[in-house]
Amino acid sequence: MTHVLQIKNLHVSVGDKPILRGVNLSINHGETHALMGPNGSGKSTLGLAIMGHPGYAVTEGAITMDGEDVLAMAPDERARSGIFLAFQRPMAIPGVKMADFLRHATTNVRRPDRKEGEELIPMREFRAELKEKMAHLRMDTEFARRYVNDGFSGGEMKRAEILQLAMLQPKFAILDETDSGLDADAVRLASESIAEIGHGKMGLLIITHHDKLLEHNPPEFTHVMLGGRLVETGGTELADELHRHGYDRIRKAYPEAEAANQEMLAEEATV
Ligand SMILES: Nc1ncnc2c1ncn2[C@@H]1O[C@H](COP(=O)(O)OP(=O)(O)OP(=O)(O)O)[C@@H](O)[C@H]1O
Ligand SMILES: [Mg+2]
């Protein structure tokens, strides 16, 4: 059976501020989707809502995976069931070492029925796998001894997200600007790594403002978000057009969504 993640008429608010206003999106396992759109259009909000961030309230609509109600699941259940989000701005967890964090997360995802306190993946087995994956990503093994994202450079944080992706092997991965802050060499490596780990092997939703990540991960579908709605869907050529010419055409073609986008930005300024 092909896994499918379905989002239907999704409305999401932060506090009393409506952000997503009816998002429809269906991702099949093995497909790569690019999600583009101007700043503040709601891309990260979609990722956080799919993952179940408590600050993002779903006021209408549905999210299902293989027909199961994702909205009824707690965030950790969503992760165990195979959904992964690489954060645009990953949080630091001082006091928790990368290796311990990854060992717990990996065990929980591989053994979704594991109860707290039950055995983890054996240390030797886990270490060997982690070492191999880190070498592949050209990460220093010293990294695993550091606290999660604590004092990581922008680029290190993004690499740590890709390492999680490699270890967790989710069914669906949302990568929120996993290219931001990476230097030219690092972004190429990230693009290649994501292709190797996930392209064709999971459902990928790649949120990006650049074309580099898509170079090795050509999207079958490109979606454009504006004012909390997906206003247009195309193929790789749509991503190319937006990279080359920006959002002028889109803003003019969808004046209502553009007005909503401007309204959100204006509100942001007065917070
Ligand atoms: N926690 C929050 N508190 C207040 N406003 C928020 C919060 N999260 C999102 N918003 C608002 O929702 C709108 C959409 O934000 P979001 O981060 O989803 O945009 P984005 O498309 O990811 O933008 P970017 O390309 O800049 O990352 C913005 O106006 C933003 O200020
Ligand atoms: Mg964002």
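Numbering of ligands and ligand atoms starts at 1, following listing order.
- Shown in contact with N39 at under 4.0 Å from a heavy atom are these atoms of ligand 1, numbered in order with element: 23 (O), 24 (P), 25 (O), 26 (O).
- Atom CD of E119 is surrounded by 12 or fewer heavy atoms from other residues, nucleotides or ligands within 6.0 Å.
- The local environment of NZ in K201 is crowded, with over 12 non-hydrogen atoms from other residues, nucleotides or ligands closer than 6.0 Å.
- Here N39 fails the criterion, with no N, O or S atom under 2.8 Å of the Mg ion (ligand 2).
- Close contacts between ligand 1 and Q88 involve ligand atoms 27 (O) [criterion: under 4.0 Å to a heavy atom].
- Those atoms of ligand 1 that come under 4.0 Å of a heavy atom in T45, given as number and element, are 9 (C), 14 (C), 15 (O), 16 (P), 18 (O).
- Counting the atoms of ligand 1 from 1 in the order shown, those under 4.0 Å from a heavy atom of I19 are 9 (C), 10 (N), 11 (C), 12 (O), 13 (C), 14 (C).
- Of all the heavy atoms of V14, the ones lying under 4.0 Å from any atom of ligand 1 belong exclusively to the side chain.
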Intermediate values then yes/no, side chain to side chain donor-acceptor pair (under 3.5 Å), D176 and S44: CA-CA 7 Å; D176 194 353; S44 294; 2.6 Å; yes
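- At least one N, O or S atom of S44 sits under 2.8 Å from the Mg ion (ligand 2).
- For G42, a nitrogen or oxygen atom sits less than 3.5 Å from a nitrogen or oxygen atom of ligand 1, counting backbone and side chain alike.
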Derivation and outcome, side chain to side chain donor-acceptor pair (under 3.5 Å), residues H199 and T32: CA-CA 7 Å; H199 189 61; T32 297; 2.9 Å; yes
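- Annotation for ligand 1: atoms under 4.0 Å from non-hydrogen atoms of Y56 are 1 (N), 2 (C), 7 (C), 8 (N), 9 (C).
- R127 CZ: 12 or fewer foreign heavy atoms inside a 6.0 Å radius.
- Ring planes of H223 and H33: parallel class, angle under 30° (limits at 30 and 60°).
- Distances between N or O atoms of G40 and those of ligand 1 include at least one value under 3.5 Å.
- Looking at K17, K43, H209, R89 and measuring to atom 5 (N) of ligand 1, the nearest heavy atom belongs to K17.
- For the ligand labelled ligand 1, residue S41 lies inside the 4.0 Å heavy-atom shell.
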Criterion side chain to side chain donor-acceptor pair (under 3.5 Å) on H29 and T2, from CA distance to verdict: CA-CA 6 Å; H29 194 258; T2 309; over 6 Å; no
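- Side-chain atoms of H104 come within 3.5 Å of backbone atoms of D100 as a donor-acceptor pair (strictly under, hydrogens ignored).
- With M36 as reference, H243 is the one residue of H243, H209, K43 to meet the side chain to side chain contact (heavy atoms under 4.5 Å, CB included) rule.
- Only side-chain heavy atoms of E177 come within less than 4.0 Å of ligand 1; its backbone N, CA, C and O stay farther off.
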